[in-house]
Structure formats: structure tokens, C-alpha cells
Amino acid sequence: GESVGLHLPTLSVQEGDNSIINCAYSNSASDYFIWYKQESGKGPQFIIDIRSNMDKRQGQRVTVLLNKTVKHLSLQIAATQPGDSAVYFCANSGNTPLVFGKGTRLSVIA
Amino acid sequence: DGGITQSPKYLFRKEGQNVTLSCEQNLNHDAMYWYRQDPGQGLRLIYYSQIVNDFQKGDIAEGYSVSREKKESFPLTVTSAQKNPTAFYLCASSIQGKRYEQYFGPGTRLTVT
């Protein structure tokens, strides 16, 4: 999830297991909540978004859950693969452009 | 093959010099953005432009300047006034109605010594 300081939260997952990456947000006025994936040395890549009037959205192998009561967003990755190793950022969008969290590093253990 | 290109991938400059980072897109996107990323940190917005000849400051615009003379191009100048310019710079674009779905370039790693 989001954090302060220079060290990214890290999640290590065995290949084939499910991964859950969490994020807390503060802006209740956001219209959209988004997950991005950033591989080492590359730009972020859009994964999935969810509108603020939804609480769950599924994509291919990914599910995003939104809990507006506690301002919490999560990304679930099913059957995690080595190619899923990356830093995952949550972001939210309202009247201003995207606000990104600090990211979580996902490491997949083969 | 549509996308966003940033050049160069690595850039080295001496302190006190201005440097301009290139960003070009052929996605026909109206909006373009510049972000700065420091090690272990998220992305911070420097400037963004929603239309040609118009741009707005982001959260950390001090020491930077931009121009948007063409839809395809959004160059960023890191001036000598930027106190800590060494960072990874990312350019992105989006269609006007979907600013949450941004397409990023590969980034330019700037080192100032």
C-alpha cells in the first residue's frame, strides 16, 4: 500500500499463488481508482481501473476491490507468474490529474 | 506502431546547465503529462497539458518549464534553478475524457553532477 519513507513495501509470492496488493487513499472525491504496473527501467503500464460507484471489477487474472468506507483499494492477481514481478502503483483521479501512491514491489518466487 | 517516445534514455549534464527532454506521441492524444520519479518513490506530476498551446503546473513545477506548440510534442526543460534535478523523468499521454488511463513513455534517466 501507500507508505512514507524511501523503502517500498515488498510482497513476495510463490509462483502460482494469488497476490493481494493493498493501497490506502485519502481523496474521497476521486472518480476513478487505477492500478499501474512498472517493470524495472520502464514506464508504468495501465492495468485496470474502477469507478467510484463500483466495489469490484474483474479483468484478465486481476480483480480490483474498492472499499470507500475505509478508503481502501486492493489488486488481486490470480496464479501469479514470474512476469508479474514489478512495482505496482495505485492512483486516483478526480478534478485534478492522477495522484500516485508510492508503490509496492511484487517479487515472484519460482 | 503507435506509442510515446522519449529521448535520450540516459542523459548526463553538468550542474548549472539547462537540459531539454524530448517527448513525442503518435497516439493522437490531446493530453500530455510529465512526471518525476525518485528511487523508491511514486510519480510526482511536474506539468500537464490538455490542449495545444496550454499547460498547467503540477505539484513540483519549480525549476522546470514546458511548451506545447504541437499536439504530438511536449518537451520538458530542466533549468539550473531545479535544486535536485537527478531523477527518472516520465512522459505520458491520454485522451481527453480518460485522463486516468495514461500511456507512458520509456523514461529518461537524467544525472546532473
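Below, chain A is the first sequence line, B the second, and so on; all start at residue 1.
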| query | Heavy-atom count around B/Lys9 NZ within 6.0 Å, excluding the residue itself: above 12? | reply | yes
| request: Could you state whether A/Leu65 and A/Trp35 fall into the same hydrophobic cluster, counting links through intermediate Ile, Leu, Val, Met, Phe, Trp or Tyr residues with side-chain heavy atoms under 4.5 angstrom apart? | output: no
| query | Within a strict 4.5 Å, meaning less than it, do heavy atoms of the A/Lys102 and B/Leu43 side chains meet? | reply | no
| query | Between atom NZ of B/Lys98 and atom CD1 of A/Ile34, what is the distance when rounded to the nearest 0.5 Å? | reply | 11.0 Å
| field | Between A/Gly43, A/Ala91, A/Pro44, the one whose heavy-atom pairs under 4.5 Å with chain B are most numerous | value | A/Pro44
| Cluster check A/Val99, B/Tyr47: I/L/V/M/F/W/Y, side chain < 4.5 angstrom | no
| Under 4.5 Å between side-chain heavy atoms, hopping through other hydrophobics if needed: is there a path connecting B/Val66 to B/Leu110? | yes
| said: If I measure from the heavy atoms of chain A, does B/Gln37 come under 4.5 Å with its side chain, its backbone, both, or neither? | reply: side chain
| Using non-hydrogen atoms only, which part of B/Tyr103 is less than 4.5 Å away from chain A: side chain, backbone, both, or neither? | neither
| query | Applying the 4.5 Å side-chain criterion to the ILVMFWY set and letting contacts propagate, would B/Tyr64 and B/Leu90 be lumped into a single cluster? | reply | no
| said: Determine whether the aromatic ring centres of residues B/Tyr35 and A/Phe100 are separated by less than 6.0 angstrom. | reply: yes
| said: Could you check whether atom CZ of A/Arg61 has more than 12 heavy atoms from other residues, nucleotides or ligands sitting under 6.0 Å from it? | reply: yes
| task | Name the region of A/Tyr36, side chain, backbone, both or neither, that has any atom closer than 4.5 Å to a heavy atom of chain B. | result | side chain
| request: Would you give the length of the straight line joining atom CD of B/Gln102 to atom OG of A/Ser93, rounded to the nearest 0.5 angstrom? | output: 8.0 Å
| With under 30° as parallel and over 60° as perpendicular, where do the rings of A/Phe46 and B/Tyr100 fit, or are they tilted in between? | tilted
| field | Contact summary for A/Pro97 and B/Tyr33, nearest pair of heavy atoms | value | CB-CE2, 4.2 Å
| Going hydrophobic residue to hydrophobic residue with side-chain gaps under 4.5 angstrom, can you get from B/Phe88 over to B/Ile46? | no
